[in-house]
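One structure is given below, encoded as structure tokens.
This chain uses plain numbering: 1 for the first residue, then up along the sequence.
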Amino acid sequence: MLNDPRSHGLWELTAPDAPATRPLQGDVQADVVVVGAGYTGLSTALHLAERGLSVVLLEAVAPGFGGAGRNVGLVNAGMWVMPEALCATLGEALGNQLIDTLGDGPRQVFEVIDRHGIACEVERQGTLHLAWGQKGLADITERARQWQKRGAPVHLLDAAETARKVGSNAYSGALLDLRAGTIQPLAYARGLAHAALRQGVQLFTESPVTTLRRDGSHWQAITRAGSVRANWVVMGTDAYTTHLFPAIRQQQVFLPYFNLATEPLSPALQARILPERQGCWDTREILSSYRFDQHGRLVFGSVGALRRGGAAVHRNWAKREMRKLWPDLGPIRFEAEWYGQIGMTADNLPRFHQLDQNIVTICGYNGRGIAPGTVFGRLLAAHVAGEMRAEDMPLPVSAPKPISALPLREAYYEFGAQIAHLAGARF
């Protein structure tokens, strides 16, 4: 997109076509205007339209342009935060509500995919959280205890079982979460866009909102060539927020994350590496992730940006790391490389904001956008439609709180990862 092959990489090369759309021209009216066609915005628009509300969805570039089209494609349950720590932060009642809501997230994603016939390379064999050393094993053991206490279908694997799952002896164990899976993330976003259009949503692309202003009892979202007058505004811009409500961005530290996709591996290698097609990530501080696409390309990623000298550093590091994991991999050639940004909040939990009268957003997914974006879009639709009060949401209503020294913090992550990968450090 925007003539940048490093924005969406493999996903743009292999996703089904986006729906035919055009920029907004002229003035229109709707019950709700949704800003941003990522997972949250698309899910909100779709679920509102299914309730019979008129919806206009305004996207600055194209569906899935932000984090929705750039990520690894892991459909995970819950958040990074362990269940007991989450309850300690939000309180038992709200914490348990959020855990139950997001624990069911992958099922809801798969239900939407099935209901709307979205072709997005779905794999439902779970995900593997891979333990690095004894510290990592202690971490996933505790995660297993907390989730199993709640009846979740998660299983703690020993080193030998993990080696059979991933084809490498590098790990001390793994946590297999059978609720989870993988998808082609841009294909899912485009599929949601097609589904929303079929339900009657008016989707306008290349239509960034330049101004949002009060118009009597309504809001008016103004673009370069038109405007939308609506009762409600839902902001779905999250980590790609710019000038509208910049506080959304100022409360998140942006962590860069890259992915590299190999050429399709041989059938013999595919039978040894992730033979069951789980998606993986490890417990290291500068974590790595990997999974297959449906054509046998191995998608390998980690923290870092493919700019300012980072492309060569991270690419060379990835080749060294992959050879350590799978010595028989042979020559490694990458077909695509891309990167994006993950918005990290201070407590690693999402936020629910009422930004003004009848303007709402949920943001701050901390690297887990697919299931939470889908689920919270459905809940925002219920709230806007009058079916759910703000106080009944699984998140407290809060005001954005800016994080200090954002540029320095973000530079630390970008260049710290680059230095670590250059040195071949492991954490």
Please report the shortest heavy-atom distance between [X] and [Y], naming the atom on each side.
X	Y	value
Pro256	Tyr413	CD-CB, 4.3 Å
Ala77	Arg368	O-NH1, 2.8 Å
Leu24	Ser227	CD2-N, 3.6 Å
Gln184	Leu10	NE2-O, 4.4 Å
Pro63	Leu203	CG-CD2, 4.0 Å
Ala68	Gly38	CB-CA, 4.1 Å

Q: Take Arg378 and Glu111 through the test salt bridge (Lys or Arg N to Asp or Glu O under 4.0 Å) and record every step on the way to the result.
A: CA-CA 12 Å; Arg378 178 180 62 81; Glu111 189 275 331; over 6 Å; no

Q: Please assess Phe204 against Val56 for the test side chain to side chain contact (heavy atoms under 4.5 Å, CB included), listing each intermediate value before the final yes or no.
A: CA-CA 8 Å; Phe204 298 100; Val56 171; 3.8 Å; yes

Counting only N and O atoms by type, is there a donor-acceptor contact under 3.5 Å from the side chain of [X] to the main-chain atoms of [Y]?
X	Y	result
Arg51	Ala385	no
Trp80	Asn366	yes
Arg351	Ile248	no
Tyr240	Gln341	yes
His8	Phe65	yes
His129	Ala174	no
His421	Val313	no
Ser172	Gly133	yes
Arg198	His116	yes
Arg124	Val122	no

Q. Ion pair present between Lys319 and Glu337, side-chain N to carboxylate O less than 4.0 angstrom?
A. no

Do [X] and [Y] come close enough that some side-chain heavy atom pair is under 4.5 Å?
X	Y	answer
Val228	Gln202	no
Gln278	Val166	no
Tyr257	Ser289	yes
Glu84	Arg145	yes
Ile359	Gln354	no
Glu12	Arg70	no
Val81	Thr89	no
Leu325	Arg323	no

Q) What do you reckon, is CG of Asn169 surrounded by more than 12 foreign heavy atoms closer than 6.0 Å? A) no

Q. Run the salt bridge (Lys or Arg N to Asp or Glu O under 4.0 Å) check on Glu59 and Arg190 step by step: do they pass?
A. CA-CA 13 Å; Glu59 164 57 39; Arg190 290 180 173 180; over 6 Å; no

From [X] atom [atom1] to [Y] atom [atom2], the distance as rounded to the nearest 0.5 Å:
X	Y	atom1	atom2	value
Leu329	Leu265	CG	CG	6.0 Å
Thr44	Leu53	OG1	CG	12.0 Å
Thr162	Tyr171	OG1	OH	10.0 Å
Gln97	Leu86	CD	CG	11.5 Å
Leu255	Tyr412	CG	OH	11.0 Å
Ser302	Asp282	OG	CG	7.5 Å

Q | Lys165 vs Glu276, salt bridge (Lys or Arg N to Asp or Glu O under 4.0 Å): CA-CA, chis, key distance, verdict | A | CA-CA 7 Å; Lys165 296 283 188 186; Glu276 299 173 6; 2.7 Å; yes

Looking only at side-chain N and O atoms, does [Y] offer a donor or acceptor that is under 3.5 Å from a partner on [X]?
X	Y	value
Gln270	Arg277	yes
Thr374	Tyr188	yes
Asp31	Ser54	yes
Thr127	Asn76	yes
Thr40	Tyr365	yes
Gln146	Glu142	yes
Glu121	His295	no
Gln252	Thr345	no

Q. Going through the distances and angles, do Leu186 and Met1 end up as a side chain to side chain contact (heavy atoms under 4.5 Å, CB included)?
A. CA-CA 12 Å; Leu186 181 58; Met1 297 185 193; 4.0 Å; yes

Q | Residue pair Leu74, Trp281: steps toward the side chain to side chain contact (heavy atoms under 4.5 Å, CB included) verdict | A | CA-CA 9 Å; Leu74 303 181; Trp281 76 102; 3.8 Å; yes

Under 3.5 Å, which donor-acceptor pairs link side chains of residues 15-23 to any protein atom two or more places apart or in another chain?
| residue | atom | partner | partner atom | Å |
| --- | --- | --- | --- | --- |
| Thr21 | OG1 | Thr205 | OG1 | 2.6 |

Q: Assess Arg6 against Trp338: is NZ or CZ under 6.0 Å from the centre of the six-membered ring, and within 45 degrees of the ring's axis?
A: no

Q | Geometric cation-pi criterion, Arg179 with Phe110: 6.0 Å, 45° | A | no

Q | Within the 6.0 Å centroid threshold, strictly below: His383 and Trp232 | A | yes

Q: Evaluate salt bridge (Lys or Arg N to Asp or Glu O under 4.0 Å) for Arg291 paired with Glu123, printing each intermediate quantity in order.
A: CA-CA 10 Å; Arg291 43 84 50 105; Glu123 296 285 356; over 6 Å; no

Q: Please lay out, stage by stage, how Arg409 and Phe254 fare under the test side chain to side chain contact (heavy atoms under 4.5 Å, CB included).
A: CA-CA 9 Å; Arg409 292 171 186 259; Phe254 287 177; over 6 Å; no

Q. Which of these passes ring pair (Phe, Tyr, Trp, His ring centres under 6.0 Å) with His314: Phe334, Phe258, Phe300?
A. Phe258

